[in-house]
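Within every chain, numbering begins at 1; the chains are lettered A, B, ... in the order of the sequence lines, protein sequences first and strands thereafter.
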Amino acid sequence: MSLIEQYPISVYNSLTKQKEVFKPLVEDRVGMYVCGPTVYSDVHLGNVRTFLSFDIVFRYLKFLGYKVRYVRNITDVGHLVGDADEGEDKIAKKARLEEIEPMEVVQKYTNGFHDVMQLFNIQAPSIEPTATGHLIEQIEFIKKIIENGFAYEKDGSVYFNVRKYNEAHQYGELSGRNVDDMLSNTRTLAGQDQKADPLDFALWKKAEAGHLMHWPSPWSEGFPGWHLECSAMSTKYLGQSFDIHGGGMDLKFPHHEAEIAQNKGCHHAGGANYWIHANMLTVNGRKMAKSEGNGFTPEELVTGNHKLLERGYSPMTVRFFMLQSHYASTLDFSNEALQAAEKGFRRLMASVQLIDKLPAAGTGKVSQEKSEELKGFIDQAMQDLSDDFNTAKAIASLFEISSKVNTYYQNPSELAEIDAEAFDFATTKFKAIINDVLGLVSETENAAQNNVLEGAMEVLINLRKEAKFSKDYALSDKIRDDLKTVGIQLKDEKGGETSFTID
RNA sequence: GGCGUUGUGGCCGAGUGGCUAGGCAGAGCUCUGCAAAAGCUCGUACAGCGGUUCGAAUCCGCUCAACGCCUCCA
C-alpha cells in the first residue's frame with residue numbers, strides 16, 4: 001500500500017469553503033501554482049511564511065510519492081506602488097529612484113529573493129516563470145477573452161468586462177462577494193477613467209509617456225494587467241485545469257478572483273480545483289507589511305538589528321517557529337515566542353542526533369505494546385500532515401518520539417524492549433519527516449564536525465577529566481564555565497564520557 | 001457598510017461533541033561532586049451571555065473585542 005493511499009490528504013479549499021479529500025486530476029501527479037513575489041524590494045518575514053507554507057505542501061506531496069510540478073512566478077512587470085503613489089509601475093518607479101534599468105531592479109531583488117529562500121531551506125519550484133518572459137502568452141490570452149466577448153478595448157487599453165462575465169459566470173465565487181453589492185459600494189467612487197464600469201479591471205494598459213517598461217501589442221505600446229500573468233502562465237505550464245493554486249490570503253481578492261474570471265473568460269475552465277490561502281504573519285496583532293513599518297528582512301532577523309528584535313534568531317529557529325502554527329491561522333510574532341521556539345527546536349534536533357548514539361534495540365524481552373506505541377507516533381504525525389498539512393500537530397507527535405529517544409539513551413533497558421524493526425522504522429521516519437518534510441536541518445552539526453575544533457575540545461575534556469579524577473573541582477568547573485561563556489556547553493554523560501554542544 | 005477570519009491555562013500555539021495536544025516559562029523529585037542535559041510529577045484553560053444536548057472549548061444565536069480584504073490604479 002503506497003503512502004498516497006495510506007495517508008489520503010484532506011485540504012481546506014477556499015473555493016468551496018470546506019475541507020475536502022484531495023484528488024488530483026491525474027493519478028499520482030500534482031500540478032501546483034503559487035503566486036510568487038513582486039521583485040521590486042526585499043522580501044520580509046511575512047512573505048517568507050507564505051512561501052514556507054507551500055514549501056511544506058510541495059515537500060509533503062513529494063514525500064507521499066506524488067510527482068509534483070510546482071510553478072511559482074516572478075512578477076517582474078510591476079504593480080502599482082501602494083498608498084500615496086499615483087498609478088505608476090512599481091518597478092519603473094523604483095528604477096527611476098535608483099537610476100538604474102528596470103531589469104536591473106528585477107534582477108537584484110530576484111537574486112535577493114532566491115537567497116532568502118535558500119536561507120530558510122525553502123526548495124526551488126519546478127518552474128519559476130517571469131511575467132516579462134511571457135508577454136506573448138499574455139497577449140494571446142487577452143485576444144481570446146476579447147473574442148469571447150468578455151473584454152473591450154478603449155484608447156489602447158483593454159479591460160475585462162465584469163458585468164458581462166457575471167451574466168454567464170459568477171464573479172466573486174472565491175471571495176464570497178457579489179457584483180451587485182460591489183457596485184452599490186463603489187457607485188460614488190466611479191471616476192472618469194476609461195473603464196466602462198468601475199468593476200472592470202485592466203488586461204492591457206497603454207503606457208504613458210515616460211513609462212519605462214512597455215511592449216508592443218495589437219492595442220498599444222504598453223504592459224499587461226497585474227492579474228493576467230498568473231492566468232497565462234498557469235495555463236501554459238499546468239493546463240486549463242490543474243490541482244492546486246496557492247497564495248497569501250491578501251491575494252484572494254481581487255487578484256485570485258480576477259484570475260478565475262480571466263481563465264473562464266478565456267477558456268471556460270477556472271484553473272485550479274483546490275485553492276489554498278496562507279494566512280498572515282502579524283506583529284502585535286497587526287499584519288506585517290511595509291506600510292506598517294513592522295517588517296524586517298532576514299538579515300535583520302539573523303543579526304537582531306531591528307527595533308522589534310531583542311536579538312538575532314537563526315533561520316531554522318524561525319522556520320520551526322512558523323511550522324508550530326497552522327498555515328491558515330494568523331501567527332503572531334514576538335521575541336518570547338521565538339525564544340521558546342529556539343529551545344524547542346534545539347531539543348528536537350538534539351534527539352535526532354542522539355539516535356545515532358543509541359545501542360541496539362530489541363536485545364531484551366520485546367514488548368509489542370511499547371513497540372507499537374513508538375510506531376504510532378509516526379502514524380499520527382503522518383495523519384496530521386495529511387490533515388490539511390497540520391505541521392503544528394505533527395510536531396507534537398515528533399516531540400513524543402523525541403522524549404522516547406531521550407529515555408532510551410538514559411535508560412537502555414527501555415530500548416531493549418523495543419522491537420528492532422519498529423525502532424528502525426520509527427527513527428528513520430522521524431528523521432525523514434523532520435528533514436525532508438519539515439525541511440529542518442541542524443545548524444550546529446557543521447561547527448561540531450570541524451576536526452581542529454574536535455581535537456582542541458578533546459584536549460580540554462581530557463584536562464578536565466584529570467582535574468576531576470584528582471578531585472580538583474575548582475579547576476574542572478572553571479574549564480566548563482569558561483567554555484560556556486564562549487558558547488560551548490560540556491555535558492558529563494552517564495558512562496563517564498564528556499560531550500559538548502555549541503550554541 | 002459588504003465579505004471573511006479570530007478570541008484557548010504566565011507566553012506561543014493544536015484541537016475532536018464525552019478520552020493528556022505540544023513547545024517555552026514555573027514548582028517538586030530522580031540522576032549528578034556540582035552543573036548542563038534528560039526523565040518523572042504538577043497547573044484542571046478555552047472572550048461574555050443564552051440555547052441545543054445525557055454531555056460542549058468543540059453545534060446554534062446574540063453581545064463584546066481584535067484582525068484581514070474591499071473594485072485605487074498601474
| query | What integer number of Å spans the C1' atoms of B:C70 and B:U8? | reply | 31 Å

| query | For the pair made of CD in A:Glu342 and P in B:G22, what is the distance, rounded to whole Å? | reply | 22 Å

Dump the pairs, protein N or O against N or O of nucleotides 29-33 of chain B, anything under 3.5 Å, distances to one decimal.
residue	atom	partner	partner atom	Å
B:C31	O2'	A:Lys494	NZ	3.4
B:G33	N1	A:Asp477	OD1	2.9
B:G33	N2	A:Asp477	OD2	2.8

| field | Between C1' of B:G68 and NE2 of A:His256, the distance in whole Å | value | 15 Å

| field | Interatomic distance where CD belongs to A:Gln489 and C1' belongs to B:C34 [whole Å] | value | 13 Å

| said: Looking at A:Lys287, I'd like to know whether one of its side-chain N or O atoms comes within less than 4.0 Å of OP1 or OP2 on B:C69. | reply: yes

| field | With A:Ser175 via side chain to side chain contact (heavy atoms under 4.5 Å, CB included) - residues at least two apart | value | A:Arg177, A:Phe253, A:Glu257

| task | Please determine, for B:A25, whether a Watson-Crick or G-U wobble partner exists with both distances under 3.5 Å, and give it or none. | result | none

| query | Does any nucleotide pair with B:G68 by Watson-Crick or G-U wobble geometry, both distances under 3.5 Å, and what is it? | reply | B:C3

| query | When the aromatic ring centroids of A:Phe160 and A:Tyr165 are compared, is their separation below 6.0 Å? | reply | yes

| task | Check for a donor-acceptor pair, side chain of A:Asn279 on one end and backbone N or O of A:Met249 on the other, with a separation under 3.5 Å. | result | no

| Rounded to the nearest Å, what distance is computed from the CG atom of residue A:Leu15 to the P atom of nucleotide B:G4? | 14 Å

| Is the distance between the ring centroids of A:His227 and A:Phe201 less than 6.0 Å? | yes

| request: Write down the distance separating the P atoms in B:A47 and B:G7, rounded off to the nearest Å. | output: 8 Å

| Does a side-chain heavy-atom distance below 4.5 Å link A:Met288 with A:Met280? | no

| request: Provide, to the nearest angstrom, the distance between the CZ atom belonging to A:Phe321 and the C1' atom belonging to B:G22. | output: 15 Å

| remark: Closest of B:A35, B:C11, B:G39 to the A:Glu336 side chain is B:C11

| message | Surrounding CD of A:Gln18 (heavy atoms of other residues, nucleotides or ligands, distance under 6.0 Å), is the total greater than 12? | response | yes

| message | Distance alone, cut at 3.5 Å: any donor-acceptor contact between the side chains of A:Ser314 and A:Thr317? | response | yes

| Say you pick atom P in B:G15 and the same atom in B:C69; how far apart are they, in whole Å? | 23 Å

| task | Take atom NZ of A:Lys484 and atom C1' of B:C34, then tell me their distance rounded to the nearest Å. | result | 15 Å

| message | It should be established whether A:Ser403 places a side-chain nitrogen or oxygen under 4.0 Å from OP1 or OP2 of nucleotide B:G39. | response | yes

| field | Under 3.5 Å on both distances, the Watson-Crick or G-U partner of B:U53 | value | none

| task | Mind checking A:Gly172 for me? I need base, sugar-phosphate or nothing, with any heavy atom below 4.0 Å counting as a touch. | result | nothing

| task | Would you mind telling me which residue lines up with the more 5' stretch of RNA chain B, A:Lys252 or A:Lys343, judged by nearest nucleotide? | result | A:Lys252

| request: Report yes if a side-chain nitrogen or oxygen of A:Arg347 is closer than 4.0 Å to either non-bridging phosphate oxygen (OP1 or OP2) of B:C24; otherwise report no. | output: yes

| Considering only the P atoms, how many Å lie between B:G28 and B:A65, rounded to the nearest integer? | 42 Å

| query | Rounding to the closest angstrom, what is the interatomic distance between B:G43 and B:U32 at atom P? | reply | 28 Å

| said: Please give the distance between the P atoms of B:G18 and B:U5 as a whole number of Å. | reply: 23 Å

| message | So A:Ser371 and A:Glu417, do their side chains get closer than 4.5 Å, heavy atoms only? | response | no

| Position toward the 5' end of RNA chain B (nearest nucleotide), A:Lys17 or A:Asp387 | A:Lys17

| When you measure from every atom of RNA chain B, which of residues 390-402 of chain A have a heavy atom less than 4.0 Å away? | A:Asn390, A:Ala392, A:Lys393, A:Ala396, A:Phe399, A:Glu400

| field | Span that lies between the C1' atom of B:G9 and that of B:A21, in whole angstrom | value | 13 Å

| request: Establish, with yes or no, whether the OP1 or OP2 oxygen of B:U6 is under 4.0 angstrom from a side-chain nitrogen or oxygen of A:Ser329. | output: no

| SB check A:Asp55 A:Arg59 (cutoff 4.0 Å) | yes

| said: Students often get this wrong, so: under 4.0 angstrom with heavy atoms, is A:Asp481 touching a base, only sugar-phosphate, or nothing? | reply: nothing

| said: Measuring from the side chain of A:Arg177 (C-beta onward, heavy atoms only), which nucleotide among B:A14, B:C70, B:G23 has the closest atom? | reply: B:C70

| Atom NE2 of A:His277 to atom P of B:C3: distance rounded to whole Å? | 19 Å

| message | Could you check whether any side-chain heavy atom of A:Trp226 comes within less than 4.5 Å of a side-chain heavy atom of A:Thr75, counting everything from C-beta outward? | response | no

| said: Side chain of A:Pro198 only, heavy atoms from C-beta on: which candidate in B:C72, B:G13, B:A74 is closest? | reply: B:C72

| message | Using OP1 and OP2 only, check whether a side-chain N or O of A:Lys491 sits under 4.0 Å from B:A35. | response | no

| task | Tell me the partner of B:A38, counting only Watson-Crick (N1-N3 plus N6-O4 or O6-N4) or G-U wobble (N1-O2 and O6-N3) with both under 3.5 Å; none if nothing fits. | result | B:U30

| message | Taking pairing as Watson-Crick or G-U wobble with both contacts under 3.5 Å, can you name the mate of B:A45, or confirm there isn't one? | response | none

| Below 6.0 angstrom between ring centroids: does that apply to A:Phe333 and A:Tyr313? | no

| message | In whole Å, measure the gap between the C1' atoms of B:A25 and B:G13 for me. | response | 14 Å

| message | Rounding to an integer number of Å, can you tell me how far A:Tyr327 OH sits from B:U5 P? | response | 14 Å

| task | Please indicate whether A:Lys17 has more than 12 foreign heavy atoms, meaning atoms of other residues, nucleotides or ligands, lying under 6.0 Å from its NZ. | result | yes

